[in-house]
Amino acid sequence: MGWIMGPWIIIAGLANGSTLATYDGAPDYPGPDRIWQVASELELTFLGVSPTLVRALRVHGAEQAQRHDLSRLRTFGSTGEPWNPEPWWWLFREVGGESRPIINISGGTEIGAVLLSVNVHQGMKPTSLGGPSLGVDADVYDKDGNPVRGQVGELVVRGSWPGRTRGFWNEPDRYLATYWGRFDDTWVHGDWASIDDDGFWFLHGRSDDTLNIAGKRIGPAEVESAAVAFPEVAMAAAIGIPDEIKGEVIALYLVSTEGVTPDDALSAKIERAVVENLGKSFRPQVIRWVHDLPRTRSAKIMRRVIKAMALGEEPGDVSSLENPESLGGIERLA
């Protein structure tokens with residue numbers, strides 16, 4: 001509640017005459033249908049989710065949702081991280097019956113609002129965030145500060161907007177260097193984004209998580225999407241590790257779905273899928289199966305922490321982790 005989601009939900013919701021429903025505990029305990037049970041019993045019309053949550057619920061099957069009356073439900077809300085196509089389609093088709101839009105948004109506590117959001121009048125594309133919010137002069141820049149279309153670049157905002165943070169406490173220089181030090185009069189948000197030919201916007205993960213393979217840059221979400229397309233994979237995290245020839249190669253950490261025992265054959269299938277989707281340059285050099293991945297309380301996978309553990313380095317501040325026990329399963333790579 002200390003992050004921007006609290007004010008969004010409470011102030012915006014109550015100001016528009018809504019009734020706010022919250023509950024304590026996990027969305028899949030004591031039973032895997034708990035979140036659908038809550039939605040049914042409280043006759044929710046709007047249900048907020050995250051891509052990581054949907055990937056976890058997908059493991060239990062759509063029948064967990066279909067056994068409850070969700071007829072009052074009109075819309076899904078989503079934020080926090082990029083979507084993978086298969087979980088998006090699962091929620092839209094299998095749970096939503098292709099009649100409930102997924103309002104995918106991106107903003108941040110330091111934004112004080114939303115940068116990008118689906119607009120139902122514009123229409124939807126799977127995993128898209130629609131376009132910039134009102135009053136936000138957003139764009140996608142290449143490394144030289146030129147607007148680009150049809151390719152991945154930095155999500156930026158020109159000028160200012162209401163709600164933007166004005167500094168870090170007692171650290172004005174670090175604030176300027178973090179957000180304003182790259183391009184003139186331009187806020188650099190720290191996310192990879194792209195805009196397609198129809199004007200729809202997409203996010204591709206944090207730009208500081210970028211993989212640079214033999215001079216070719218790619219977001220980890222693109223690699224991870226090829227992995228989580230398999231029903232045997234519940235979660236995935238792609239990181240870059242040093243390589244003498246390519247500079248960096250891909251290590252892929254995977255969590256299997258419940259009841260699945262991963263083996264070399266499954267790893268080989270996933271490796272082939274990455275190559276088929278992205279090309280030989282992005283073939284994972286390492287695939288590791290772990291029991292869990294370190295995540296924040298808002299369900300964001302901490303790739304920075306995974307990379308540090310894999311390289312035998314100090315992971316830094318891990319106070320925001322929801323599941324610190326997951327670190328024990330990430331072994332140092334030889």
Side-chain angles (χ1 to χ4, degrees), residues 1 3-23 26-28 32-58 60-109 111-136 138 163 196 198-203 298-300:
M1 286 300 190
W3 296 338
I4 193 61
M5 283 307 303
W8 278 353
I9 294 170
I10 296 174
I11 299 174
L14 299 182
N16 283 281
S18 301
T19 298
L20 178 64
T22 64
Y23 66 91
D28 58 354
D33 64 334
R34 185 186 188 194
I35 194 169
W36 311 120
Q37 180 183 2
V38 169
S40 174
E41 290 182 354
L42 299 183
E43 298 185 334
L44 300 185
T45 56
F46 187 99
L47 177 63
V49 298
S50 71
T52 293
L53 171 61
V54 172
R55 287 192 289 267
L57 295 173
R58 179 176 171 229
H60 302 295
E63 60 272 14
Q64 297 293 342
Q66 294 164 357
R67 60 189 287 195
H68 296 282
D69 180 9
L70 301 178
S71 58
R72 294 292 301 275
L73 189 61
R74 299 172 55 190
T75 309
F76 295 107
S78 170
T79 188
E81 58 183 325
W83 275 94
N84 308 111
E86 283 71 20
W88 190 98
W89 278 112
W90 180 84
L91 180 65
F92 182 66
R93 284 175 172 161
E94 304 300 324
V95 179
E98 299 189 12
S99 63
R100 297 171 176 88
I102 300 173
I103 305 301
N104 192 19
I105 65 175
S106 179
T109 302
I111 302 301
V114 177
L115 289 183
L116 305 171
S117 177
V118 164
N119 180 337
V120 292
H121 297 290
Q122 178 190 14
M124 289 194 310
K125 281 192 176 183
T127 76
S128 171
L129 292 112
S133 301
L134 295 175
V136 177
D196 70 8
D198 296 321
F200 284 85
W201 290 58
F202 299 83
L203 288 185
S298 59
K300 295 180 181 179

Checklist entry - What heavy-atom pair brings W90 and G61 nearest, and what distance separates the two atoms? => result CZ2-C, 3.8 Å
Next on the checklist: Quiz question: by atom type and distance under 3.5 Å, do the side chains of N16 and S18 form a donor-acceptor pair?
Outcome noted: no
Checklist entry - Between atom NE2 of H68 and atom CG of L73, what is the distance when rounded to the nearest 0.5 Å? => result 13.0 Å
Item to check | Gap separating the CH2 atom of W88 from the CZ atom of R93, nearest 0.5 angstrom | outcome: 8.5 Å
Item to check | Closest approach of I111 to G107 (non-hydrogen atoms, all atoms of both residues) | outcome: CG1-C, 3.8 Å
Next on the checklist: Please check: side-chain N/O of T127 versus main-chain N/O of W83, any donor-acceptor pairing under 3.5 Å?
Outcome noted: no
Item to check | Value rounded to 0.5 Å, distance of CG in L47 from CD1 in I35 | outcome: 5.0 Å
Checklist entry - Excluding sequence neighbours, so at least two apart, what forms side chain to side chain donor-acceptor pair (under 3.5 Å) with Q66? => result none
Checklist entry - When rounded to the nearest 0.5 angstrom, what distance separates CG in L203 from CG in L129? => result 4.5 Å
Checklist entry - Just by modelled atom types, is the W201 backbone N or O under 3.5 Å from a matching donor or acceptor in the S128 side chain? => result yes
Checklist entry - side chain to side chain contact (heavy atoms under 4.5 Å, CB included) between W36 and V95: does it pass, once the steps are laid out? => result CA-CA 10 Å; W36 311 120; V95 179; 3.8 Å; yes
Checklist entry - Quick one: does R55's side chain have a donor or acceptor within less than 3.5 Å of a partner on P87's backbone? => result no
Below 3.5 Å, can you tabulate the donor-acceptor pairs from side chains in residues 116-126 to any protein atom, sequence neighbours excluded?
| unit_1 | atom_1 | unit_2 | atom_2 | d |
| --- | --- | --- | --- | --- |
| N119 | OD1 | H121 | N | 2.9 |
| K125 | NZ | D196 | OD2 | 2.7 |
| K125 | NZ | D198 | OD2 | 2.6 |

Checklist entry - In Å, rounded to the nearest 0.5 Å, how long is the span from CG of N104 to CD of E81? => result 10.0 Å
Item to check | Heavy-atom side-chain proximity of R100 to F92 below 4.5 angstrom | outcome: no
Next on the checklist: Using modelled atom types and a 3.5 Å cut-off, is there a donor and acceptor pairing between side-chain atoms of T45 and backbone atoms of R74?
Outcome noted: no
Checklist outcome for this item: Interatomic distance, OH@Y23 vs CG@L42, rounded to 0.5 Å, equals 10.0 Å
Item to check | For the student: nearest non-hydrogen atoms of L57 and P32, plus distance | outcome: CD2-O, 4.1 Å
Next on the checklist: For a 4.5 angstrom cut-off between non-hydrogen side-chain atoms, does P51 reach P82?
Outcome noted: no
Checklist entry - What pair of heavy atoms forms the shortest contact from A39 to L70, and how long is it? => result CB-CD2, 3.9 Å
